[in-house]
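The structure appears right after this line, and notes come after that.
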Amino acid sequence: MTTTPKPRITVLGTGYLGATHAICMAVLGYDVLGVDTDRAKIEALSRGEVPFFEPGLPEMLRKALDTGNLSFTTDLAAAGDFGDVHFVCVGTPQLRGSAGADLTYVEGVVRDLAPHLRRRCLVVGKSTVPVGTASRLTRLVQDNSPAGTEVELAWNPEFLREGYAVADTLEPDRMVFGVSSAWAEEQLRAVFAPVLDAGTPVVTTDLATAELVKVAANAFLATKISYINAMAEVCEVTGADVQDLARSLAYDSRIGGRFLHPGLGFGGGCLPKDIRAFVHRAEELGVGRSVAFLRQVDAINNRRRARTVDLVREQAGGSLAGVRVCCLGAAFKPNSDDIRDAPALDVARMLKEEGAVVAVYDPEAMDNARRAYPDLEYADSVMEAASGAGVVVLLTEWDQFRSIDPAALAGVVDGRSVVDGRHALDAQTWREAGWTYRALGRAG
Ligand code: UDX
């Protein structure tokens, strides 16, 4: 239990991470001010609208606004006045033309907030950054704020998964507090008191370790996925079955079955760019060799996309020119409308480049997909996308696609041929309904 009074919280950046954090903190009873430069986003959130798809979050936002604890602004001066603890939740995308992380937004928000920090307070980084960033930001904030060294910096990496953001925020597997003083740790313990009181384990450490934990975790997850996908490549040339292989490995509790699902591989706003930025940073630090294997992890992952196109081409009889292909899925994973580095859309794009006539359908990501890939064709339903298709390819494993009735789908397609890019369909059921079923790493 903590004796520190409840800190007032600001959350800088209201994307997937920041909006979820702000909303959950308000529901937990804290006074929270969410800040973003995007006025439209701030207005939507203030009206009670979540500007992206995240299950359970709209209900939580309404609950948070009802408490009266949560408000939003574009004004950093107001944030400086309001907050005892300021969370930095802005994005760190991949730089154009480089594998490194773009720190413009993180540095920008810290630099712009600093002049408004006039009393003792804590600035807490949550964004994923290259190791060493926090110590640089400490100097940046202290040099530019009237409160000087009264402003401390801490790092509290966020591990939330899209689609499970609320649960991951309220009941995380662990919390990591990267701090430079006992006072900073006290503030973090006060901010997360309800989460810690529920028994969440905490690792208190230095700033560099806290920064590194996040990229190390994502690198491990990416490696596990590419490991099983590398096994799929071996299965493909040996006639072995990667799904049976993965199931057999999963029973070994030292290995475990999570993130061991073979298929089209990983995408999204985190895993791909985080492993690239990690390699880039390690090379800068002279330890590039230690993480060089992550280049292989990335390469294996990208090969899955090309190999999926190969399977569709094979099913189409050797050429995709003029072939109608039904692409089921656009989001980088189910339960998300996020299309950043989405394997599904990459495959759809490659199919089109080879002359296929693609029709894409996704339950939630259509608007984002249309904006990013206006040249692809889109359908309003599974049936419409499949209508007249020579090949159906499953690219994102939404439950809606898992439960497709292959007999019903057979009625609208031109050829009963399905490529299961996510090992999400029951091969036997589809074959019994007269379909040719193909999946990466499984015998045809
Ligand atoms: C990830 C991390 O899980 C999270 O802790 C971190 O904070 C942000 O990055 P997220 O990007 O939301 O979260 O997605 P995640 O559920 O981890 O999936 C990542 C990708 O891996 C998806 O494209 C998914 O389809 C793919 N994946 C996952 C596989 O290909 N196989 C698997 O076995 C598991």
Side-chain angles (χ1 to χ4, degrees), residues 15-18 20-21 52-55 57 89 91-94 101 125-129 156-169 171-176 210-211 213-232 242-243 245-247 249-250 255-278 297-298 300-305 307-308 329-347 362 365 394-398 401 420-424 439-441:
Y16 286 98
L17 166 59
T20 308
H21 183 58
F52 50 85
F53 176 77
E54 180 60 41
L57 197 58
C89 296
T92 51
Q94 186 173 338
K126 266 193 173 296
S127 311
T128 305
V129 292
N156 167 230
E158 179 59 63
F159 303 97
L160 68 80
R161 296 161 298 167
E162 291 175 22
Y164 302 90
V166 173
D168 285 352
T169 302
E171 298 152 26
D173 290 340
R174 77 310 210 175
M175 304 225 73
V176 178
E211 292 171 305
V213 170
K214 176 62 191 282
V215 277
N218 276 355
F220 187 87
L221 294 171
T223 304
K224 202 170 174 193
I225 298 168
S226 277
Y227 172 80
I228 197 63
N229 283 333
M231 294 305 108
V242 73
Q243 211 172 30
L245 179 79
R247 276 199 300 141
L249 294 178
I255 298 175
R258 295 179 73 187
F259 279 71
L260 202 67
H261 301 291
L264 187 45
F266 58 82
C270 292
L271 261 49
K273 63 114 175 143
D274 286 353
I275 60 170
R276 290 170 201 150
F278 194 12
V297 167
D298 201 9
I300 293 164
N301 193 55
N302 284 326
R303 284 205 294 271
R304 294 291 77 190
R305 302 176 185 193
R307 182 68 190 127
T308 302
F332 84 102
K333 67 172 188 179
N335 299 315
S336 172
D337 65 353
D338 194 344
I339 56 149
R340 284 175 293 173
D341 206 340
L345 285 170
D346 219 8
V347 169
D362 187 282
L394 187 146
L395 299 167
T396 312
E397 68 278 32
W398 287 94
F401 300 155
D420 182 0
R422 293 290 183 179
H423 294 242
L440 298 159

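Whatever order the structure lists them in is the order used to number ligands and atoms, beginning at 1. Computed over heavy atoms, backbone and side chain alike; hydrogens, waters and symmetry mates excluded. The first residue in the sequence is number 1, and the count goes up from there.
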For Phe52 and Asp338: C-alpha separation, side-chain torsions, deciding distance, then whether side-chain contact (heavy atoms from CB on, under 4.5 Å) applies.
CA-CA 8 Å; Phe52 50 85; Asp338 194 344; over 6 Å; no
- Task: Taking the side chain as every heavy atom from C-beta outward, state whether His423 and Val242 have any pair of such atoms under 4.5 Å apart.
- Result: yes
Are Thr92 and Lys273 linked by a side-chain donor-acceptor pair shorter than 3.5 Å? yes
Taken to the nearest 0.5 Å, the spacing of Ile225 CD1 from Phe220 CZ works out to 11.0 Å
Contacts satisfying side chain to side chain donor-acceptor pair (under 3.5 Å) that involve residues 218-231 (not counting sequence neighbours) are Asn218-Asp274
By chain and number, the residues contacting ligand 1 below 4.0 angstrom (heavy atoms only) are Glu158, Phe159, Leu160, Arg161, Glu162, Lys214, Asn218, Leu221, Ile225, Phe259, Leu260, His261, Gly265, Phe266, Gly267, Cys270, Leu271, Phe332, Lys333, Arg422
In this structure, CZ of Arg247 is separated from NE2 of His261 (nearest 0.5 Å) by 12.0 Å
